[in-house]
There are 2 protein chains.
Amino acid sequence: MPASSSAQPTKERILGAAEELFARHGFEGASLRQLTAAAGVNLAAVNYHFGSKDRLIEEVFRRRLDQLNGRRMAALKDIAGQPGSTIEDVLAAFIVPALELSHDGNGSLFMRVLARAFAEHDDTLRKFLSENYGHVMRQFTAEFARLLPNLSKEELYWRVDLVTGALTHAMSGFGMIQRKSDVTEHKHREQTAQHLIRFAAAGLKSP
Amino acid sequence: MPASSSAQPTKERILGAAEELFARHGFEGASLRQLTAAAGVNLAAVNYHFGSKDRLIEEVFRRRLDQLNGRRMAALKDIAGQPGSTIEDVLAAFIVPALELSHDGNGSLFMRVLARAFAEHDDTLRKFLSENYGHVMRQFTAEFARLLPNLSKEELYWRVDLVTGALTHAMSGFGMIQRKSDVTEHKHREQTAQHLIRFAAAGLKSP
DNA sequence: CTCGGAATCAAACGATCGTTTGAGCATACG
DNA sequence: CGTATGCTCAAACGATCGTTTGATTCCGAG
């Protein structure tokens, strides 16, 4: 049983600080000493609770991706296979849950961590992401294929890859661009989603 | 005067190895010991020729960006302001020079280095890129603005940013996807360019 | 109260990091 | 030839890295 002295248990404090420092300085750039200092816990706590730095990195991913992809799959399930659904609907199911992460503490920082992992072509990390969350992209791709029946397999993959790159880049910047003070955060997120959906839909449907 | 014992002078060997290892392991992930070993030079050579690791990183950028953005600006100059030019022409001026980097030794690896720098929101690096090469993106954006007169400033920035993200992501992967053996490298590059141009043009022109 | 496992702590481990040093080597010039 | 000069080299510098250790504190169960 945990015997936490602070409001948040040690494990959560470490994960929170890790998310922030990994986003800001990268996986190799953020040391466990900075990290534990920022979390206000002892240096040895990381290895005690997670086993190693690499396992901590995996946990940072697992925690957010479970909720992110859970919501993505739930949103996709509502429209997949339905005759009335559109490309824009599928894109919304992919984008909106990601933008909603910014609600959740410093969850918006996680998209920056994800963008980093995207740019790193590190084999270990790619394998981990592919094994644990590959089915999500496969489901979305299948739905795009259904709604774009005229596209060859090769064309489809190209476009999905380009959309993924654009959206990951854009969403990693969300939360850094300051919204005007006269729009609510909800409105701002909605406008951002509309920008991304319109752009991506046009690219996917291009002649 | 250099007294090189090998085919390539020491400075170039270091830059080449740095490009490869920075692409593969990141700036912090690649150590000077790996780097100098890969280049076949002494450990102290980096600090002798470049002063520090940070200055080496800057030189890696400077060498490729000078040629890349030089070609981009030259290609843009041919079509900028011309009444007959199209969005696709401007995109080609941006994309083709980047894909042509793969000609040049391991120049294709540089796009991966660039994508990394993109994902890192490191202030020092961003400032360096902005100060030295910001005028290139500004010129391209101005040309997009001319060809898309109905777009608001805000809309335009959004779309240019999304295009940049998609293209950087895609071009960093170019060279990793293996082309079919029955197409020449020239043909492969041309087809890739066509994919990117069509996708980006559709996104920019979206209603 | 006593005991036992969970959690935290300061301290140290060996390894590796970027950088510096000073000697040694090569070439060019008087 | 003698001597500057540009360059390379092995070795060491202090700092910091991820990880481990062993003692200490904490708290609930018996």
Side-chain angles (χ1 to χ4, degrees), chain A residues 1-61 113 116-117 120 122 124-125 128, chain B residues 1-62 113 116-117 120 122-125 128:
Chain A
M1 280 289 142
S4 73
S5 59
S6 299
Q8 267 190 356
T10 299
K11 240 177 155 173
E12 292 299 319
R13 304 234 247 111
I14 293 176
L15 284 170
E19 197 164 54
E20 173 153 356
L21 287 173
F22 288 157
R24 225 177 285 283
H25 305 296
F27 303 115
E28 316 228 27
S31 75
L32 293 186
R33 283 174 176 81
Q34 302 170 23
L35 205 156
T36 50
V41 304
N42 187 272
L43 168 61
V46 169
N47 284 277
Y48 177 79
H49 286 284
F50 297 96
S52 70
K53 184 179 184 179
D54 283 330
R55 300 258 300 277
L56 168 62
I57 295 175
E58 281 196 9
E59 272 305 307
V60 168
F61 279 99
V113 177
R116 261 182 196 278
E120 314 219 9
D122 178 87
T124 308
L125 200 49
F128 169 79
Chain B
M1 279 290 137
S4 72
S5 58
S6 299
Q8 266 189 353
T10 299
K11 239 178 156 176
E12 291 299 319
R13 304 232 251 119
I14 292 176
L15 284 170
E19 197 164 54
E20 173 153 356
L21 287 172
F22 287 157
R24 226 178 284 284
H25 302 112
F27 304 115
E28 315 228 29
S31 73
L32 293 186
R33 283 173 175 82
Q34 301 170 24
L35 205 155
T36 50
V41 304
N42 187 272
L43 168 61
V46 169
N47 284 278
Y48 178 79
H49 286 283
F50 297 96
S52 69
K53 184 180 184 180
D54 282 331
R55 300 258 301 276
L56 167 62
I57 295 176
E58 281 197 9
E59 272 305 306
V60 168
F61 278 99
R62 203 180 298 275
V113 178
R116 261 182 196 280
E120 312 219 11
D122 178 88
D123 283 342
T124 308
L125 200 50
F128 169 79

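Computed from heavy atoms alone, side chains included, the values below leave out hydrogens, waters and symmetry copies. All of these numbers come straight from a predicted model, not from anything done at the bench. Chain identifiers are assigned alphabetically (A, B, ...) following the order of the sequence lines, protein sequences preceding nucleic acid strands; residue numbering begins at 1 within each chain.
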Could you list the donor-acceptor pairs under 3.5 angstrom formed between side-chain atoms of residues 37-49 of chain B and any protein atom two or more places apart in sequence or on another chain?
from	atom 1	to	atom 2	distance (Å)
B:N42	OD1	B:A44	N	2.9

With sequence neighbours excluded, tell me which residues meet side-chain hydrogen bond (donor to acceptor under 3.5 Å, both in side chains) with [X].
X     : result
A:E58 : none
A:E12 : A:R63
A:R24 : A:E20

Near-strand residues of residues 42-50 of chain A, defined as heavy-atom separation under 4.0 angstrom from DNA chain D: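 Heavy-atom contacts with DNA chain D come from A:L43, A:A44, A:N47.
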
Of residues 21-39 of chain A, the positions that come close to DNA chain D - non-hydrogen atoms, cut-off under 4.0 Å: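 Those residues whose heavy atoms fall under 4.0 Å from DNA chain D, taken from residues 21-39 of chain A in numerical order, are A:A30, A:S31, A:L32, A:R33.
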
Tell me the interatomic distance from [X], atom [atom1], to [N], atom [atom2], rounded to whole angstroms.
X     : N      : atom1 : atom2 : answer
B:R55 : C:dT19 : CZ    : C1'   : 14 Å
A:K11 : C:dA7  : NZ    : P     : 9 Å
B:R13 : D:dC7  : CZ    : C1'   : 13 Å
B:K53 : C:dT16 : NZ    : P     : 15 Å

Contacts of type side chain to side chain contact (heavy atoms under 4.5 Å, CB included), residue A:A23, not counting sequence neighbours: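 In terms of side chain to side chain contact (heavy atoms under 4.5 Å, CB included), with neighbours along the sequence ignored, A:A23 is linked to A:L109, A:R112, A:V113.
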
Check against side-chain contact (heavy atoms from CB on, under 4.5 Å), B:I14 and B:T36: CA-CA 7 Å; B:I14 292 176; B:T36 50; 5.5 Å; no

Verdict with reasoning, A:K11 to A:E59, per side-chain contact (heavy atoms from CB on, under 4.5 Å): CA-CA 10 Å; A:K11 240 177 155 173; A:E59 272 305 307; over 6 Å; no

Pairs involving residues 27-55 of chain A, ordered by first then second residue, that meet salt bridge (Lys or Arg N to Asp or Glu O under 4.0 Å) (sequence neighbours left out):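 Output for this query is empty, none listed.
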
B:T10 side chain near D:dT8 phosphate (N/O to OP1/OP2, under 4.0 Å):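 Checking B:T10 against D:dT8: at least one side-chain N or O falls below 4.0 Å of OP1 or OP2.
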
